[in-house]
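Every chain is numbered from 1, with letters handed out A, B, ... down the list of sequences.
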Amino acid sequence: MSISLKFPDGAERSYDDGVTPLAVAEGISKSLAKKVVAAKIDGAWWDLTRPLERGGKFELVTRDSADGLEVLRHDAAHVLAQAVQELFPGTQVTFGPVTEDGFYYDFARDEPFSTDDFEKIEKRMKEIVDADLPIVRTVWEKEKAIQHFKSIGEIYKAEIIDEVIKPGDPITVYSHGDKWGDLCRGPHLPSTGRLGKAFKLMKLAGAYWRGDQNNQQLQRIYGTAWADEKQLEDYLHRLEEAEKRDHRKLGRQMDLFHMQEEGRGMVFWHEKGLTLWRTIEAYMRRRLEKAGYVEVRTPQVLDRVFWEKSGHWDKYRPNMFVCETVEGETLSLKPMNCPGHVQIFKFGQKSYRDLPLRMAEFGACHRYEPSGSLHGLMRVRAFTQDDAHIFCREDQIVEETARFIELATSIHEDFGMVRDHIALGTRPDVRAGADEFWDRAERQMLDAARAAGVEPVIAAGDGAFYAPKLDFQLKDAIGRQWTCGTIQLDYVLPDRLEAEYVGEDGAKHRPVMLHRAILGSLERFIGILIENCAGAFPLWLSPVQVVVATITSDADGYANEVAAAMRKAGLRVELDLRNEKVGYKIREHSLQKTPVIAVVGKKEAEQRTVALRRLGGEAQQLMPLDEALAILTKEATPPDLR
RNA sequence: GCCGCGGUAGCUCAGUGGUAGAGCGCACCCUUGGUAAGGGUGAGGUCGGGAGUUCAAUCCUCCCCCGCGGCACCA
């Protein structure tokens, strides 16, 4: 018998039945056989040493491909598990998948691991690689497998097989020589030697068994693994680079803000940080006004009774900052702006002619977030949302949503953020409302996205419990994704708080509410902006736009004139008259990420010119002061005013 | 909230069972220098907080607080 394999380049060749992918690779070239880690037959994974059972579309997966890396990392996880079990007898294995940059493995062990153990574990892993143990795949029957894992004390594995694998489905176990084996779907390398040594253990963390807080806490060891040493080094270098853009670090270095322990999750905005904030806020106000929004402001603290009516007291209480007065009232800081906006909507009568009513607020909210979730500006307890609620009729939902998508897209672009995709969060398992409602609501969101020329990616089950939503996924300069901007449909709150408008028919109707934000929170968005540009803000956003630096004190008088002229032209300017060398001043302001340094010395003073030096460049642009003013003010104009 | 790691000068970090150091920054002095660090001098610390062991604790033990990395959470 022979089988026919169809290769990606279109070639088709026949082989003897039972040939292994490794043998096929060897038949093609020696170097290919060296690089190959697994195969795919009609898209399904196949181990290199497992005899092929049928022909079809055939692909050899090499270690430097994305698929190949996945195989390597999976093997790295197994080698890690073997090393750990050999070094720490009594440790149980649970689950060890591949991640974006590497892998992890969750272990159950009474004593804690320490990062000090990493060296020892890595050493043993390398010994296992050197031993080049053959990796053997065996197929088990469910009951037998459960018994086997129970008998060797691996209760977690037994539980997975028992609960996750359907009766009759084959169970595969991969063994490293006769020393070690693990339940696994595969595929795996033919032997441990093929893994190579471009791996490193990275960090240690707690994790819950099957991701559930009520379950036992396991110890997770994270690692990274690559096709070769060079790739590993590049990766470690990328991590260092990412660390340099950490907004917490830059925030301190650039004197933008700070946080301290008496106010966990709360931000002290310094002058420069607040300048950034105000620039963004002013820009947003202009954009919202042009887009037909009205701006309001609602109380910071409201009576418990109010939150009971809105439903928050019931559902959101653990996250609310609640306080009591000497007179015995119970109040709460607002965790959200929506109920407040409904009050403004309800004040007086609304007609269908008032709809859609787009009500915006830079709403300062407080939420008691779990201590372990706090993270710089990204996750805080006091934050300001660029919030708005659009009150409209049901037949206006699609148009309003489409308009919002266009507005948000344009704003994100103005901030230099690139969109990856828009996600449509559909009905979650636990939800309010009948299926017909969800069918309609999801349809409306989808239609709206398409009306705005966007095909959303479906995020099944990610909707709010009362309605579907669209989330904007942005991608920053180093490829990380952030959710900025969301629009959620809400039929529940208007009903609960009895919002009404008078329709064309003279009868009272319930409006629909669209909750929406474009930046999310100002705090978080500023954090993202900082990391996106590594602190080097575009001129219009930069807290300090120009530093006028003198060469010698001869130029002090002229430097003052230059700075004054720039300020008059609306630029944010600092003056550096210190008795230091220019080189020193250049270095210091460059490290502060000042976009433009205007150097003035005797020559400039005589000619009434300035020498501009841009951040990141070494060239000097010598030009008359008037010309510099014209160029810089033009460049510093916010994008919506250009 | 849970697990692991950490907390020493304004910042970044070294260090020791006998109460402490560097670089940068800061102050003062000298230097007026043409595009990424000119030189000198000096000030600055409850070694996160509390308790314990010890003749003696920044160091060892325990508790707490905070930070960092994950997990869980994030209508």
* To do: Taking the six-membered ring for Trp and the single ring otherwise, decide whether the centroids of F107(A) and F88(A) are under 6.0 Å apart.
  =>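 When the ring centroids of F107(A) and F88(A) are compared, they turn out to be at least 6.0 Å apart.
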* Asked: Does the separation of the ring centres of Y491(A) and F437(A) fall below 6.0 angstrom?
  -> yes
Between [N] and [M], how far apart are the two [atom1] atoms, rounded to whole Å?
| N | M | atom1 | result |
| --- | --- | --- | --- |
| A20(B) | U54(B) | P | 24 Å |
| G40(B) | C24(B) | P | 10 Å |
| C66(B) | G23(B) | P | 35 Å |
| G48(B) | C65(B) | C1' | 7 Å |
| U41(B) | G69(B) | C1' | 43 Å |
| A57(B) | U19(B) | P | 11 Å |

Pi-cation contact, [Y] with [X] (under 6.0 Å, within 45°):
| X | Y | value |
| --- | --- | --- |
| R220(A) | Y104(A) | yes |
| R443(A) | W438(A) | no |
| R304(A) | W307(A) | no |

Please work out if [X] contacts a base, only the sugar-phosphate, or nothing of the nucleic acid, heavy-atom cut-off 4.0 Å.
| X | answer |
| --- | --- |
| G583(A) | sugar-phosphate |
| Q219(A) | nothing |
| H312(A) | base |
| V599(A) | base |
| P112(A) | sugar-phosphate |

Is [Y] paired with [X] through a side-chain N to carboxylate O contact shorter than 4.0 Å?
| X | Y | result |
| --- | --- | --- |
| R238(A) | E241(A) | no |
| K249(A) | E243(A) | no |
| E531(A) | R480(A) | yes |
| D439(A) | R427(A) | yes |
| D495(A) | R510(A) | yes |
| R248(A) | D246(A) | yes |

* Out of V93(A), T94(A), D106(A), which one pairs with Y156(A) under the side-chain contact (heavy atoms from CB on, under 4.5 Å) rule? -> T94(A)
* Any donor-acceptor pair under 3.5 Å between the side chain of Y208(A) and the base of G1(B)? -> yes
* Taking only heavy atoms on the protein side, list every residue of residues 373-386 of chain A lying under 4.0 Å from any atom of RNA chain B, sorted numerically. =>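 Per residue number, the list reads S373(A), H375(A), R379(A).
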* To do: Enumerate the residues from residues 604-618 of chain A whose closest heavy atom to RNA chain B is under 4.0 Å, giving them by residue number; use none for an empty result.
  =>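 Under 4.0 Å from RNA chain B: E604(A), A611(A), R613(A).
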Distance check: side-chain N/O of [X] vs OP1/OP2 of [N], anything under 4.0 Å?
| X | N | result |
| --- | --- | --- |
| R252(A) | G10(B) | no |
| Y584(A) | U32(B) | no |
| Y222(A) | C71(B) | yes |
| R524(A) | C74(B) | no |
| R220(A) | G4(B) | no |

Tell me which nucleotide among [options] gets nearest to the side chain of [X].
| X | options | answer |
| --- | --- | --- |
| V582(A) | G34(B), G33(B), G4(B) | G34(B) |
| S590(A) | A36(B), G67(B), G1(B) | A36(B) |
| R578(A) | C26(B), C65(B), G1(B) | C26(B) |
| A207(A) | A36(B), C71(B), G70(B) | C71(B) |
| S114(A) | C5(B), U32(B), G69(B) | C5(B) |
| K602(A) | C5(B), A37(B), G34(B) | G34(B) |
| I551(A) | G34(B), G4(B), U35(B) | G34(B) |
| R587(A) | G1(B), A36(B), U32(B) | A36(B) |

* To do: On RNA chain B, check which nucleotide each of S371(A) and P335(A) is closest to and give me the residue with the more 5' one.
  => S371(A)
* **Comparing Y466(A) and G265(A) on RNA chain B - which has the more 5′ nearest nucleotide** =>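 Going by which nucleotide is closer to the 5' end, it is G265(A).
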* To do: Examine the side chains of Q545(A) and E635(A) and answer whether a donor and an acceptor come within less than 3.5 Å of each other.
  => no
* Asked: Is there a donor-acceptor contact under 3.5 Å linking the side chains of E361(A) and T298(A)?
  ->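 Yes - a donor-acceptor pair under 3.5 Å links their side chains.
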* Below 4.5 Å, heavy atoms only, C-beta onward: do L514(A) and L489(A) meet side chain to side chain? -> yes
Please produce a list of atom pairs where a protein N or O lies less than 3.5 Å from an N or O of nucleotides 39-50 of chain B.
none

* Among R109(A), Q92(A), E154(A), which residue meets the side chain to side chain donor-acceptor pair (under 3.5 Å) test with Q85(A)? ->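 When R109(A), Q92(A), E154(A) are each tested with Q85(A), the side chain to side chain donor-acceptor pair (under 3.5 Å) holds only for E154(A).
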* **Canonical and wobble pairing (Watson-Crick, G-U, under 3.5 Å) of RNA chain B, dot-bracket with |** => (((((((..((((....[..)))).(((((.......))))).....(((((..]....))))))))))))....
* Structure fact -> In 5'-to-3' order, the base (B), backbone-only (S) or no-contact (-) status of each nucleotide in nucleotides 59-64 of chain B, using a 4.0 angstrom heavy-atom cut-off, is ------
* Asked: Would the number of heavy atoms belonging to other residues, nucleotides or ligands and lying under 6.0 Å from CD of E111(A) be above 12?
  -> yes
* Residues in side chain to side chain donor-acceptor pair (under 3.5 Å) with E627(A), at least two apart? -> none
